[in-house]
Amino acid sequence: MVARASNVDQAKVLIDRDGICVMEGILDAAGLKRVRTALEDGIARDEREGIPVRGFGFDPDARNIRVFDLIGKDPVFTELVEHPIAVELVRHVIGAPFSLSNFSANVTAPGSGAMGMHADQGYVPAPWPPYPMAVNVAWTLDDFTEANGATRFVPGSHRQNHGPEMSDAAKTRPIECRAGSIFIMDGRVWHQTGVNTTSDQTRAGLFAYYVRPFIRPQWNWSLTITPEHLARMSPLMHEMLGFGSNVTSSLESLYLKRGRSDSAGGNPLESRRARDAS
C-alpha cells in the first residue's frame with residue numbers, strides 16, 4: 001500500500017522517502033460531483049467537435065478515454081491545479097517558479113489494457129540528476145482499485161537515474177485510494193495505467209503535470225486559453241501557463257537577486273561592478 005499522509009508536512013517527508021504518497025479526503029462529495037460533471041461535459045464537447053478522446057498510441061486499445069486541455073474546459077479545473085495543498089507540494093518537489101505542462105483526464109473502461117511503463121520525465125537524457133524535473137498530482141474521481149485499473153508504480157524507482165523497461169511492469173504495485181484523494185508522484189517514478197479487469201466499472205483520474213520552468217510544456221496553452229478566460233485567472237495561473245513573468249528567463253531577476261544580496265540599499269538593478277567603479 002502507498003503510504004498515506006494526513007497533512008502537508010507528512011506528505012513532504014513521504015514524497016522525499018518514497019517518491020509518492022496519498023492524501024485522502026481532499027475533495028468532498030459536493031466537490032467530486034462538480035468535477036465529475038465538468039469532466040463529463042468536457043468529454044461530450046470534445047466528441048461533438050470531433051476531437052479524439054480514444055485510440056492514442058500510448059494506449060494498447062481504444063477503450064480508455066483521455067481528455068486534454070482541461071484548463072480550457074471549466075474553471076473548476078483551474079481551481080484544482082492551484083489548490084493550496086497541490087501548490088505547496090509541487091514547490092517542495094521541484095521548487096518555484098514552475099510550469100503546468102499538461103492537465104488531462106484518463107478514464108479506464110472495463111476490459112481496457114495497461115499503458116506502457118514510463119516515467120513522467122522520460123524525455124530527460126540519462127543519467128538523471130539526483131532530483132526530479134517534474135511532479136504529477138493526480139485527482140481521483142472514483143475509488144482507485146487494482147481491479148478497475150488503478151495507476152501502478154514500482155516502489156523505490158525514483159532512486160534510479162533512468163527510465164524503465166517494459167519488463168519492469170512485473171514489479172508494479174497498485175495505487176489504491178478512495179474517490180476524492182490526491183496522490184503526488186515524483187517525475188522519476190516508474191508507473192503505468194493498470195488493467196481494468198471489471199465488467200462494469202470505469203475509473204476516472206485527473207493528472208496535473210508540473211515541470212521545472214525551463215522545460216517546454218506538453219500543451220501549448222497560448223493556443224487554447226481565451227483572453228476572457230485568462231482575465232479571470234490568478235497571477236499564479238498566469239505564471240504556470242507561461243503568460244506571466246518567468247524569472248528563469250529574466251535577466252532583470254539576476255540583478256534583483258544580486259542587488260538584494262549585495263546591499264540593503266541603493267538601486268537593486270545596479271551591479272556591484274558599476275557601483276565600485278563610481
Side-chain angles (χ1 to χ4, degrees), residues 2 15 18-22 52-70 81 86 89-90 93-94 98-109 111-140 144-146 148-177 182-197 203-212 214-220:
V2 179
I15 295 167
D18 301 336
I20 187 171
C21 84
V22 169
V53 296
R54 296 180 179 83
F56 295 97
F58 40 77
D59 283 323
D61 51 55
R63 292 186 176 91
N64 281 7
I65 293 175
R66 293 187 183 266
V67 183
F68 302 92
D69 186 27
L70 291 179
V81 297
L89 292 175
V90 170
V93 177
I94 60 174
F98 53 82
S99 296
L100 181 67
S101 182
N102 204 345
F103 191 25
S104 61
N106 178 9
V107 184
T108 68
S112 59
M115 185 182 185
M117 288 294 298
H118 63 285
D120 287 332
Q121 64 175 56
Y123 47 79
V124 178
W128 293 341
Y131 48 83
M133 293 292 175
V135 60
N136 226 320
V137 178
W139 296 80
T140 63
F144 269 43
T145 69
E146 183 166 18
N148 70 13
T151 303
R152 302 182 66 87
F153 80 110
V154 176
S157 54
H158 67 297
R159 301 188 190 97
Q160 303 299 318
N161 65 1
H162 57 83
E165 302 293 337
M166 291 301 109
S167 59
D168 289 311
K171 307 172 188 175
T172 60
R173 300 291 182 269
I175 304 171
E176 295 187 295
C177 52
I182 61 172
F183 61 86
I184 306 92
M185 191 162 55
D186 181 310
R188 297 168 293 178
V189 172
W190 302 355
H191 65 284
Q192 64 179 167
T193 302
V195 176
N196 188 328
T197 60
R203 183 278 288 160
L206 311 181
F207 295 85
Y209 179 49
Y210 307 82
V211 297
R212 294 183 185 267
F214 55 82
I215 297 174
R216 182 176 180 176
Q218 293 177 345
W219 192 262
N220 190 341

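Below, all heavy atoms of this structure are taken into account, side chains as well, without hydrogens, waters or symmetry copies. Counting begins at 1 with the first residue of the sequence.
- Legend: residues meeting ring pair (Phe, Tyr, Trp, His ring centres under 6.0 Å) with Phe103, ordered by chain and number and at least two apart, are absent.
- Taking the side-chain contact (heavy atoms from CB on, under 4.5 Å) definition, one finds that Pro130 meets it with nothing, sequence neighbours left out.
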Item to check | side chain to side chain contact (heavy atoms under 4.5 Å, CB included) between Val2 and Met185, worked out | outcome: CA-CA 11 Å; Val2 179; Met185 191 162 55; over 6 Å; no
Listed pairs under 3.5 Å, donor-acceptor, residues 163-170 side chains, sequence neighbours left out:
residue : atom : partner : partner atom : Å
Asp168  : OD1  : Lys171  : NZ           : 2.8
Asp168  : OD2  : Glu165  : N            : 2.7

Side-chain donor-acceptor pairs under 3.5 Å in residues 63-70, sequence neighbours left out?
residue : atom : partner : partner atom : Å
Arg63   : NH1  : Gly111  : O            : 3.4
Asn64   : OD1  : Ala109  : N            : 3.4
Asn64   : OD1  : Ser112  : OG           : 2.9
Arg66   : NE   : Asp59   : OD1          : 3.4
Arg66   : NE   : Asp59   : OD2          : 2.7
Arg66   : NH2  : Asp59   : OD1          : 2.9
Asp69   : OD1  : Gly72   : N            : 3.3
Asp69   : OD1  : Thr224  : OG1          : 3.4

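- Judged purely by atom type and a 3.5 angstrom limit, Thr108 has no side-chain atom pairing as donor or acceptor with the backbone of Ala150.
- When each of His118, His162, His158 is paired with Trp190, the ring pair (Phe, Tyr, Trp, His ring centres under 6.0 Å) condition holds for His162 and for no other.
- Checked against salt bridge (Lys or Arg N to Asp or Glu O under 4.0 Å), Asp120 has no partners two or more places apart in sequence or in another chain.
- Scored by the side-chain hydrogen bond (donor to acceptor under 3.5 Å, both in side chains) test, Ser157 finds no partners at all (sequence neighbours excluded).
- Taking Pro155 as the reference, Phe153, Arg173 meet the side-chain contact (heavy atoms from CB on, under 4.5 Å) condition, with sequence neighbours excluded.
- Applying the salt bridge (Lys or Arg N to Asp or Glu O under 4.0 Å) criterion to Arg152, with sequence neighbours excluded, gives Glu146.
- No option in Val137, Asn136, Ile15, Thr140 other than Thr140 meets the side-chain contact (heavy atoms from CB on, under 4.5 Å) test with Phe183.
- For Arg159, there are no salt bridge (Lys or Arg N to Asp or Glu O under 4.0 Å) partners two or more places apart in sequence or in a different chain.
- Under the salt bridge (Lys or Arg N to Asp or Glu O under 4.0 Å) criterion, Arg188 pairs with Asp186, sequence neighbours left out.
- With sequence neighbours excluded, the residues forming a side-chain contact (heavy atoms from CB on, under 4.5 Å) with Val124 are Gln121, Trp128, Met133, listed by chain and number.
- Contacts of Tyr209 classified as ring pair (Phe, Tyr, Trp, His ring centres under 6.0 Å), with partners at least two apart in sequence or in another chain: none.
- Annotation for Ile175 and Val22: closest pair CG2-CG2, 4.1 Å, computed over non-hydrogen atoms.
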